[in-house]
Amino acid sequence: MTSGPQRPYLWTFVLFVGASLALYATFATVHYSWNWQSVWNYRSQFLWGWVTTLLISMGAMVVSIIVGFALMLGRRAPVEPVRLLCTGIVELLRGSPLLVQLLIGYYIVATALRINDPLVVGIVLLGCFEGAYLAEIFRGAVESIGASQREAARAVGFDIVQTYRFVIIPQAIRRALPGTTGQLVSLIKDSSLLSVIAIEELVQKVRILNSSSYTALEGYLPLAAAYLIVTLPLSWFARQLERRFAYET
Amino acid sequence: MKLEACEVTKRYGNFLALNGATFQTGDAARVVALLGPSGGGKSTLLRVLGGLLLPESGEVRQDGLVLPHTEDGALKVLRQNGFVFQGYNLFPHLSALQNVTLPLTQVHGQTAQQAHERAVELLTRLGLAGHFHKRPAELSGGQQQRAAIARALAPKPRLLLLDEPTSALDPVMTGEVLDVIRELAEGGQQIVLATHEISFARKVADWVVFLANGRVEESCLTASFFNEPSSSLAKTYLTGLSKYR
């Protein structure tokens, strides 16, 4: 038996093999007949879908973090109308289905504004939707920084901007990280809904593949793998960040 | 230094923390002790005197100058003062050194080099050599409070305000911190100290302000407060405290 730093990797491998065997056994039980050749023929389409998903997700992540931060600040603003407006936006975005937001946002709002690029509209709409969730994660983290820290910040002479920059945000980041990672993983998966506004991202490509090659499930297994290729490194990266921000309080 | 407060009121919700507190110290008071039972308004008055809290009504004067009643004006005054709190309130994500240097560079316009030298000098003087790069959680309570004192002293404050600086410390650490405060007082630092350390106040303070129920019951020279307290509340307080000491 090995010990030391290799051990987690060994266990990961064992569990992975175990899970794969279980999956194989399940498929074997229902006598599913595979047709991998047709999937292989569509590999470049599949890859393009994956790149599109990746681009949308990265764009929407940037938008969502900016929107989330702005909404968080708005919900804490001293001016009541701003507070109410931001609360309303958060509740509306979180409370209604993304599907409806995409349809109305693209076919009505974007058309009215004469924006025709579905990719841009999709990134903004998805970013706003996830930003509303992030706003609440950020708000929770910021409000968990106690009154004594705010008082200490004022006592050393910091104004409100310095207080946020040097005292509240550095401490809040650490508390917001786990929730934020989860939300960004959700964002990547939610990007599949953008097919309703004519964006051929990964899931849409697989649907096309399945219907044109008369296969049922062959496309979906690589699909799951393709998402994991993005989400697993994201989670890993977030854990590294958490470790960097870790300190005793 | 002459400190004056005139009809100062401060509320927290329905609770009246200061209810028309009025006092004035002698013209040459250097170390002013705020004494009195818990919940009497010591901490609130200390914050109002230093400009950290704005009162609802009333006026505070330092050497005849009225403290501003706006947030921005108060910030200017409070940047000339140094605060030390009961719970240390260091920034937990920064090292002891960074806790001291950050306000110097960001608020007082010093260069990183100047701030670093000042922080090293002060932390060493307060017995924290070798602990510069530790975060607050890696320091003992006494060390944390001394780092907090260093942070407050670093910009050379006109007035150092300490809010029960030893209430969270065991007797040994309390001794360490009180030694530091005494040295500062002897070195000429102007101090306002809210405390329950009655015998320390008696030794170090030259003026006592006694508060109970949000009002100043007594404001006089230290010697006369301890030898012949005039209010009955002060008498009860002193007998209660000296019972087991």
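So that the names make sense, note that chain A is the first sequence line, chain B the second, and so on, each numbered from 1.
The local environment of OH in A:Tyr9 is sparse, with at most 12 non-hydrogen atoms from other residues, nucleotides or ligands closer than 6.0 Å. Around the NZ atom of B:Lys2, the shell of radius 6.0 Å holds more than 12 heavy atoms that belong to other residues, nucleotides or ligands. Heavy atoms of other residues, nucleotides or ligands lying less than 6.0 angstrom from CG of B:Asn213 number 12 at most.
Within the structure, salt bridge (Lys or Arg N to Asp or Glu O under 4.0 Å) pairs that include any residue of residues 95-122 of chain B comprise B:Arg118-B:Glu121 (at least two apart or interchain).
Minimum heavy-atom separation, B:His108 to A:Val156: NE2-O, 4.4 Å. Shown here for A:Asp159 and B:Arg79, the closest heavy-atom pair between the two residues is N-NH2, 3.9 Å.
The contact between B:Phe91 and chain A is made by backbone and side chain atoms together, counting heavy-atom distances below 4.5 Å. Only the side chain of A:Gln162 comes within less than 4.5 Å of a heavy atom in chain B; its backbone stays farther off.
In this structure, the side chain of A:Gln149 engages the main chain of B:Leu90 through a donor-acceptor pair within 3.5 Å.
A 4.5 Å side-chain heavy-atom check between B:Leu75 and A:Phe158 finds every atom pair outside the cut-off. For the pair B:His93/A:Arg174, no side-chain contact is recorded, criterion being any heavy-atom separation below 4.5 Å from C-beta on. Side chains of A:Arg154 and B:Glu71 form a contact here, defined as non-hydrogen atoms less than 4.5 Å apart.
In this structure, B:Asn89 CG and A:Arg150 CZ are separated by 13.0 Å, a value rounded to the nearest 0.5 Å.
Among A:Gly157, A:Gly146, A:Ala152, the residue with the largest count of heavy-atom pairs under 4.5 Å with chain B is A:Gly157.
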